[in-house]
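Remember, it's a predicted structure, so these values are computed and weren't measured experimentally. Just follow the structure's listing: the first ligand is 1, and inside any ligand the first atom is 1.
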Amino acid sequence: MSEGRMMERPAKREHIVILGAGFGGITAFLKLDRALRRRGLLGRYRIILVDRHAHHLYTPALYEIAAIPRGEAGAVTLKPSICIPLENILARTPGAELLGEEVVALDPTRRRVRFASGGELAFAYAVIALGAETNFFNIPGLAERAYPIKTFADAVRLRNRIEELMERGAETLRIVIGGGGPAGVELAAEFVNFLCVMKERLAAGTCREEITLVEASPEILSGFNRAVVRRARRRLKRLGVRVLTGTPITGVSPTTVFLKGGRKIPYHILVWAGGVRPTGALQNFGLTLDGRGGIKVNEFLEAAPRIYAIGDNASFLHPKSRMPLPGNVPVAESEARLAAKNIVADIIGEARSPFRPPERWPFILAVGGKYAVSDLVIVKFSGFLGWILKQLVELRYLLFILPFPKALRMWLRAVYYETRND
Ligand SMILES: Cc1cc2nc3c(=O)[nH]c(=O)nc-3n(C[C@H](O)[C@H](O)[C@H](O)COP(=O)(O)OP(=O)(O)OC[C@H]3O[C@@H](n4cnc5c(N)ncnc54)[C@H](O)[C@@H]3O)c2cc1C
């Protein structure tokens with residue numbers, strides 16, 4: 001890494017940098033802050049949270065944003081129900097610092113991180129939690145023509161485009177969603193009500209829109225247990241979503257999605273929810289990467305001495321199954337908790353703990369309207385109860401990261417808007 005402009009800051013306290021304010025980064029940040037505060041160590045260490053955005057994105061509700069009619073809420077109104085200002089999260093962590101920078105490189109030997117602005121920051125410890133980016137797998141025409149669903153702006157753009165096309169004419173709208181993982185399933189199911197609500201509002205005739213979910217693997221929701229897949233399948237069928245499995249997309253023209261085996265599907269809107277990969281910035285981190293571009297970590301989640309990688313950035317094989325861990329919030333959070341614990345253990349000279357992931361992770365899969373399939377390992381619910389559980393899990397998370405009144409306000413706001421199309 002070349003010598004950049006060193007950022008001006010007091011030299012006394014050593015830095016613990018958390019790169020990325022997503023689920024992993026925020027959890028690591030809050031856990032570290034609390035642990036260091038409890039031990040009176042904040043005089044020796046300054047925790048610096050770095051993100052290129054000023055907000056924390058609550059991705060599990062992105063599918064809702066893409067399916068809320070513009071008449072109910074424009075982008076400005078919707079944003080606070082899913083984008084949590086980082087300054088609100090830092091309100092209870094005096095002494096910690098927020099840095100709005102884009103990370104472009106890291107030097108593990110000199111322990112420095114470099115930003116797109118040209119600045120550099122030295123650190124004693126780092127937690128890398130920069131998340132993932134959409135992977136179009138070089139499928140011809142896909143990146144140019146499909147709508148990704150990864151950011152708040154992606155969701156709003158998709159919603160606006162659907163409405164534009166519906167407002168233009170009464171023709172049956174054909175939406176194809178590539179990728180039958182949780183994001184694709186949630187989106188397909190949620191679109192059903194949204195499209196019918198729109199049709200009704202526009203007085204544009206019967207709701208006959210076509211939603212097709214296309215999955216390359218032999219079954220949707222790969223990795224989920226069979227009972228869950230069966231339930232989700234039943235629900236999608238009832239909602240009228242067409243599901244095609246074992247049919248990888250091989251190419252996309254302006255009007256047609258081409259599938260392996262020669263099948264063609266005409267479309268008006270193509271959404272790509274078929275894959276992500278660890279963010280490309282990791283290529284410049286001087287660390288060992290796996291074939292997908294994730295950072296290989298040891299049993300303590302360390303990629304190099306005092307440098308931890310977590311969440312969608314970490315490449316960690318389950319000790320029993322030797323399979324990679326799924327890219328989801330519970331994994332990111334539990335890795336974050338362990339990375340924070342190990343940094344504190346290292347500082348106070350105690351033994352660090354190895355990561356012992358469970359064999360099953362909790363999940364909640366929303367499948368249209370007020371219906372969700374939830375498996376929190378100790379309790380399972382589906383239908384309306386599953387949906388209630390989903391709301392409570394969201395509230396619990398907001399209470400972890402925000403002061404009580406802000407958490408409650410944000411939760412109520414999200415529930416209000418998310419039920420406007422049900
Ligand atoms: C549409 C969608 C729906 C999902 N739904 C669910 C769900 O219902 N349940 C579930 O468990 N999981 C869900 N996931 C997966 C889940 O969001 C991720 O696994 C989880 O967010 C990973 O956490 P993370 O901390 O590794 O990364 P993220 O939460 O993605 O955070 C990464 C952070 O790094 C920042 N960043 C990235 N690059 C840079 C850079 N170069 N410089 C500075 N900052 C940067 C980003 O702004 C972001 O704040 C969903 C994902 C998507 C895309």
Side-chain angles (χ1 to χ4, degrees), residues 17-29 48-66 82-84 86 89 98-106 113-117 121 127-135 147-155 158 177 179 181-187 190 221 223-224 271-285 294-295 301 308-316 325-336 339 361-367 372-376 390 393-394 397:
V17 295
I18 313 282
L19 306 180
F23 284 91
I26 290 292
T27 303
F29 170 75
I48 303 176
L49 180 65
V50 184
D51 203 288
R52 60 184 169 197
H53 295 123
H55 62 255
H56 167 59
L57 178 68
Y58 192 84
T59 44
L62 260 186
Y63 73 95
E64 294 275 11
I65 300 295
I82 189 167
C83 297
I84 306 161
L86 292 176
I89 299 175
L98 177 62
L99 208 53
E101 292 276 0
E102 167 137 12
V103 178
V104 290
L106 182 142
V113 58
R114 196 172 76 214
F115 304 119
S117 63
L121 185 62
V127 178
I128 303 169
L130 294 171
E133 61 193 20
T134 303
N135 188 354
Y147 285 79
I149 177 91
K150 185 75 182 82
T151 64
F152 174 73
D154 288 343
L158 175 57
I177 298 171
V185 168
E186 292 189 330
L187 202 57
E190 196 64 21
L221 297 171
F224 282 66
V271 185
W272 181 241
V276 292
R277 62 179 169 214
T279 183
L282 304 186
Q283 304 287 336
N284 308 319
F285 278 29
I295 300 171
L301 300 179
Y308 293 80
I310 60 171
D312 288 356
N313 286 168
S315 169
F316 181 90
L325 302 184
N328 64 29
V329 172
V331 171
E333 288 175 337
S334 60
E335 290 180 343
W361 297 92
F363 71 86
I364 302 183
L365 182 77
V367 205
V373 183
S374 313
D375 181 349
L376 300 190
K390 178 175 184 294
V393 166
E394 286 182 12
Y397 180 70

Visitor: May I ask you to identify the nearest protein heavy atom to atom 41 (N) of ligand 1, giving residue, atom name and distance to one decimal place in Å?
Guide: V103 O, 3.0 Å
Visitor: To which protein heavy atom is atom 15 (C) of ligand 1 closest, and what is the distance rounded to 0.1 Å?
Guide: G327 O, 3.7 Å
Visitor: Please classify the R52 to ligand 1 contact at 4.0 Å (heavy-atom distances, strictly less than): side chain, backbone, both or neither.
Guide: both
Visitor: Using a strict 4.0 Å cut-off to heavy atoms of H53, name the atoms of ligand 1 that fall inside it.
Guide: 47 (O)
Visitor: Considering non-hydrogen atoms of the protein only, which is the closest contact for atom 37 (C) of ligand 1, and what is the distance?
Guide: L130 O, 3.0 Å
Visitor: Around atom 18 (C) of ligand 1, find the nearest protein heavy atom and jot down its residue, atom name and distance.
Guide: D312 OD2, 3.5 Å
Visitor: Going by the order shown, which atoms of ligand 1 are within less than 4.0 Å of some heavy atom of I149?
Guide: 1 (C), 53 (C)
Visitor: Can you give me the closest heavy-atom contact between A366 and Y63, atom names plus distance?
Guide: CB-OH, 3.0 Å
Visitor: What are the two closest non-hydrogen atoms of L57 and F23, and how far apart are they?
Guide: O-CE1, 3.7 Å
Visitor: Should one rank W361, F23, F115, F363 by closest heavy-atom distance to atom 29 (O) of ligand 1, which comes out on top?
Guide: F23
Visitor: Quick one: are F29 and V127 in side-chain contact, heavy atoms under 4.5 Å?
Guide: no
Visitor: For atom 46 (C) of ligand 1, what is the nearest protein heavy atom, given as residue, atom name and distance?
Guide: D51 OD2, 3.5 Å
Visitor: Applying a heavy-atom cut-off of 4.0 Å, say which part of H56 lies close to ligand 1: side chain, backbone, both or neither.
Guide: neither
Visitor: Closest non-hydrogen protein atom to atom 13 (C) of ligand 1, residue and atom name please, with distance?
Guide: V329 CG2, 4.3 Å
Visitor: Only counting residues at least two apart or in another chain, list the ones meeting side chain to side chain donor-acceptor pair (under 3.5 Å) with Y58.
Guide: none
Visitor: For ligand 1, is there an atom lying under 4.0 Å from some heavy atom of H55?
Guide: no
Visitor: What is the nearest protein non-hydrogen atom to atom 28 (P) of ligand 1, stated with its residue, atom name and distance?
Guide: G22 CA, 3.8 Å
Visitor: Do any side-chain atoms of residues 325-336 form donor-acceptor pairs under 3.5 angstrom with protein atoms, and if so which ones, sequence neighbours left out?
Guide:
| residue | atom | partner | partner atom | Å |
| --- | --- | --- | --- | --- |
| N328 | OD1 | V331 | N | 3.0 |
| S334 | OG | P330 | O | 3.1 |
| S334 | OG | V331 | O | 3.4 |
| E335 | OE1 | G311 | N | 2.6 |

Visitor: Give the atoms of ligand 1, by number and element, whose distance to some non-hydrogen atom of P330 is under 4.0 Å.
Guide: 11 (O)
Visitor: I need the atoms of ligand 1 closer than 4.0 Å to a non-hydrogen atom of E101, numbered in the order shown.
Guide: 42 (N), 43 (C)
Visitor: Could you grab the distance from atom CG of L130 to atom OG1 of T279, nearest 0.5 Å is fine?
Guide: 6.5 Å
Visitor: At a 4.0 Å cut-off, with the gap strictly under it, does some heavy atom of P182 reach an atom of ligand 1?
Guide: no
Visitor: So does R277 pair up with E133, basic N to acidic O under 4.0 Å?
Guide: yes
Visitor: Atoms of ligand 1 less than 4.0 Å from A129 heavy atoms?
Guide: 32 (C), 33 (C), 34 (O)
Visitor: For atom 52 (C) of ligand 1, find the nearest protein heavy atom and state the residue, atom name and distance (0.1 Å precision).
Guide: T59 CB, 4.2 Å
Visitor: Please name the pair of heavy atoms, one in I364 and one in S374, separated by the smallest distance, quoted to 0.1 Å.
Guide: CG2-OG, 3.5 Å
Visitor: Enter the distance from E186:CD to L365:CG here, rounded to the nearest 0.5 Å.
Guide: 5.0 Å
Visitor: To the nearest 0.5 Å, what is the distance between CD1 on I48 and CG on L121?
Guide: 4.5 Å
Visitor: What closest approach, in Å, do V50 and E101 show between heavy atoms, and which atom pair accounts for it?
Guide: CG1-O, 3.7 Å
Visitor: Considering the heavy atoms of N328, write down every atom of ligand 1 situated less than 4.0 Å from one of them.
Guide: 10 (C), 11 (O), 12 (N), 19 (O)
Visitor: Heavy-atom pairs closer than 4.0 Å: do any link ligand 1 to the side chain of A332, the backbone, both, or neither?
Guide: side chain
Visitor: Of all the atoms in ligand 1, which lie at a distance below 4.0 Å from a heavy atom belonging to G20?
Guide: 33 (C), 34 (O)
Visitor: For residues V373 and F224, determine if any side-chain heavy atom of one lies less than 4.5 Å from a side-chain heavy atom of the other.
Guide: no
Visitor: Minimum heavy-atom separation for P148 to D154, with atom names?
Guide: O-CB, 3.3 Å
Visitor: For G311, counting its heavy atoms only, list the atoms of ligand 1 lying under 4.0 Å from any of them.
Guide: 26 (O)
